[in-house]
Q: 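Input: one structure, supplied below.
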2 protein chains.
Amino acid sequence: MKEKEDIGKSESTEQKIKEAARKVFTSKGYAATRTRDIAEESGFNLALINYYFRSKEKLFEIIMLDNLQLFMGSIIGILDEPATSLEEKVDLLVTYYVDMLIVNPGIPVFILNLVNNNPEALKEKLDRASLVANSVFVKQFQDLMKKKGMNIHPLHLFMNIISLTVFPFAAAPLIKAKNGIDDEGYKQLMLERKKLIPVWIKTMMMV
Amino acid sequence: MKEKEDIGKSESTEQKIKEAARKVFTSKGYAATRTRDIAEESGFNLALINYYFRSKEKLFEIIMLDNLQLFMGSIIGILDEPATSLEEKVDLLVTYYVDMLIVNPGIPVFILNLVNNNPEALKEKLDRASLVANSVFVKQFQDLMKKKGMNIHPLHLFMNIISLTVFPFAAAPLIKAKNGIDDEGYKQLMLERKKLIPVWIKTMMMV
DNA sequence: ACTGATGTTAATCATTTGATTAAATCAATT
DNA sequence: AATTGATTTAATCAAATGATTAACATCAGT
């Protein structure tokens, strides 16, 4: 039969095209990438990308799901784990994002574009999990708030963690340019933040 | 090619086209907007946008400069003011951004795209001011650090303020969708943050 | 070697899209 | 009313772009 899902198959070409697509789509977004860009980046002919993937849109969908998984896939697992403390969860979140974004710096802007221009396309992709609202993470934070006699919306805590961690990657080119910092220097700043952000979060929200 | 720079001329139409362009460019970005979109949004014919502005690119440049001004124009003035204290500067920054972004929620993603896809186009626009590095703001923070016996890079302070303030606007559609919050509810959250962020910043960085 | 399936390419098509042109309309001035 | 210049439009062009086609190449199984 056909069976393309077999074993080694043509891993090579299809994978190379997908890699090229990932690179171009992630850095330039859907509208600005030409299928010819992907062809060139992959080193193959234009028609090949339509041979393996049916269309530009289909190929984009695949890359989009990959990137979504990268950006949101690990959150639920961390937030809903009963065995870790609130502080450990903060550490895990920040560590995951910093390490992942150092390797994939284009993800934040890609996701933000997606979210702002394709709100309906996202709905189906992420409505299955209530995520933050009913998580162990939120319960732990609410317990802490009660104990401390404070009253901060859990969403603020979550927003603060993600903001402090993700935004500096999204704005990296601007901050680097205006402060004359090179790639390596900026990476060091981000690694510094990996240690600092959990401390800051604890200081600011948990007294 | 006569004198179009004359007097009152047709304020109306030109301004309407610019408004339409601002709206479409800001929400969809350069590549995804068709000049026909702008024509439709403005209610005028396609050819009009080329009659008033020479080309799509020229028109975009104008909108881009407006948005850049909106996003960065007020920072220097705040950071370099000798008459305000460090804490007052934090208040002013957060207040400016929250109020401005409630009215212009599309600005952050627009700027982030610009910065990530047109790094060279930005260079000339913002190299004239060292901005953060030599500002009164940084000096005041360094004085504080010395007094407290601490040692945090001033860039972290600046990043933290902007991250906490701006990111929740960039990610708004995602956060709203996942938490079932409507526009008005989200606006209230942001107004809450306007008060909270300065408190948090002081707590986390100034002990 | 032959055959058929799979992989790859150059050439081409149809549509979209930024831009131009020429004509029509309008407003102010004579 | 006629003239003139500014504004606005419909029609069209040329280039870019996503997709298709048809021919060619490669290779596994016979």
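Per chain, numbering begins at 1; letters A, B, ... match sequence-line order.
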Q: Is A/K58 close enough and on-axis enough to A/Y52, meaning under 6.0 Å and within 45°, for cation-pi?
A: no
Q: Are any of B/N50's side-chain N or O atoms less than 4.0 Å away from OP1 or OP2 of C/dA19?
A: yes
Q: Return the nearest nucleotide to the side chain of A/R34; candidates are C/dA10, D/dT9, D/dG18.
A: D/dG18
Q: Could you tell me whether A/D37 and A/K23 have a side-chain N and a carboxylate O separated by less than 4.0 Å?
A: no
Q: Less than 3.5 Å between a donor and an acceptor, one on the side chain of B/R36 and one on the base of C/dG18, is that the case here?
A: yes
Q: In whole Å, I'd like the distance from the CZ atom of B/R54 to the C1' atom of C/dA19.
A: 10 Å
Q: May I ask you to establish whether A/K89 and A/F137 are in a cation-pi arrangement, using a distance under 6.0 Å from NZ or CZ to the six-membered ring centre and at most 45° from the ring axis?
A: no
Q: State which of D/dT21, D/dT8, D/dA19 makes the closest approach to the side chain of A/A47.
A: D/dT21
Q: Measure the distance from OH on B/Y52 to P on C/dT20 and round it to the nearest whole Å.
A: 17 Å
Q: Consider the side chain of A/N45, meaning its heavy atoms from C-beta on, and name the nucleotide among C/dT8, C/dT9, D/dT9 that approaches it most closely.
A: C/dT9
Q: When the distance from CD of A/E40 to P of C/dT9 is rounded to whole Å, what number comes out?
A: 14 Å
Q: Is it the case that A/K56 places NZ or CZ above or below the six-membered ring of A/F25, under 6.0 angstrom from the centre and within 45 degrees of the axis?
A: no
Q: Of the candidate nucleotides C/dG18, D/dG18, C/dT8, which contains the atom at the shortest distance from the side chain of B/K56?
A: C/dG18
Q: Within the structure, does a side-chain N or O atom of A/Y51 lie under 4.0 Å from either OP1 or OP2 of D/dT21?
A: no
Q: Which of the following nucleotides, D/dT8, C/dG18, C/dT9, is nearest to the side chain of B/F44?
A: D/dT8
Q: Starting from P on C/dA19, measure out to CD1 on B/I38 and report it in whole angstrom.
A: 10 Å
Q: I'd like to know if B/E19 pairs up with B/K16 as an ion pair, taking the criterion as any Lys NZ or Arg NE/NH1/NH2 lying under 4.0 Å from an Asp or Glu carboxylate oxygen.
A: no
Q: Using the side-chain heavy atoms of B/T35, tell me which of these nucleotides is nearest: D/dT7, C/dA19, D/dA19.
A: C/dA19
Q: In this structure, how many angstroms lie between the P atom of C/dT15 and the CD atom of A/E57, rounded?
A: 18 Å
Q: Starting at atom CG of A/L46, determine the distance to atom P of C/dA10, rounded to an integer number of angstrom.
A: 11 Å
Q: Check the distance between D/dT9's C1' and B/I49's CD1 and give it to me in whole angstrom.
A: 15 Å
Q: Check the distance between C/dT25's P and B/L48's CG and give it to me in whole angstrom.
A: 16 Å
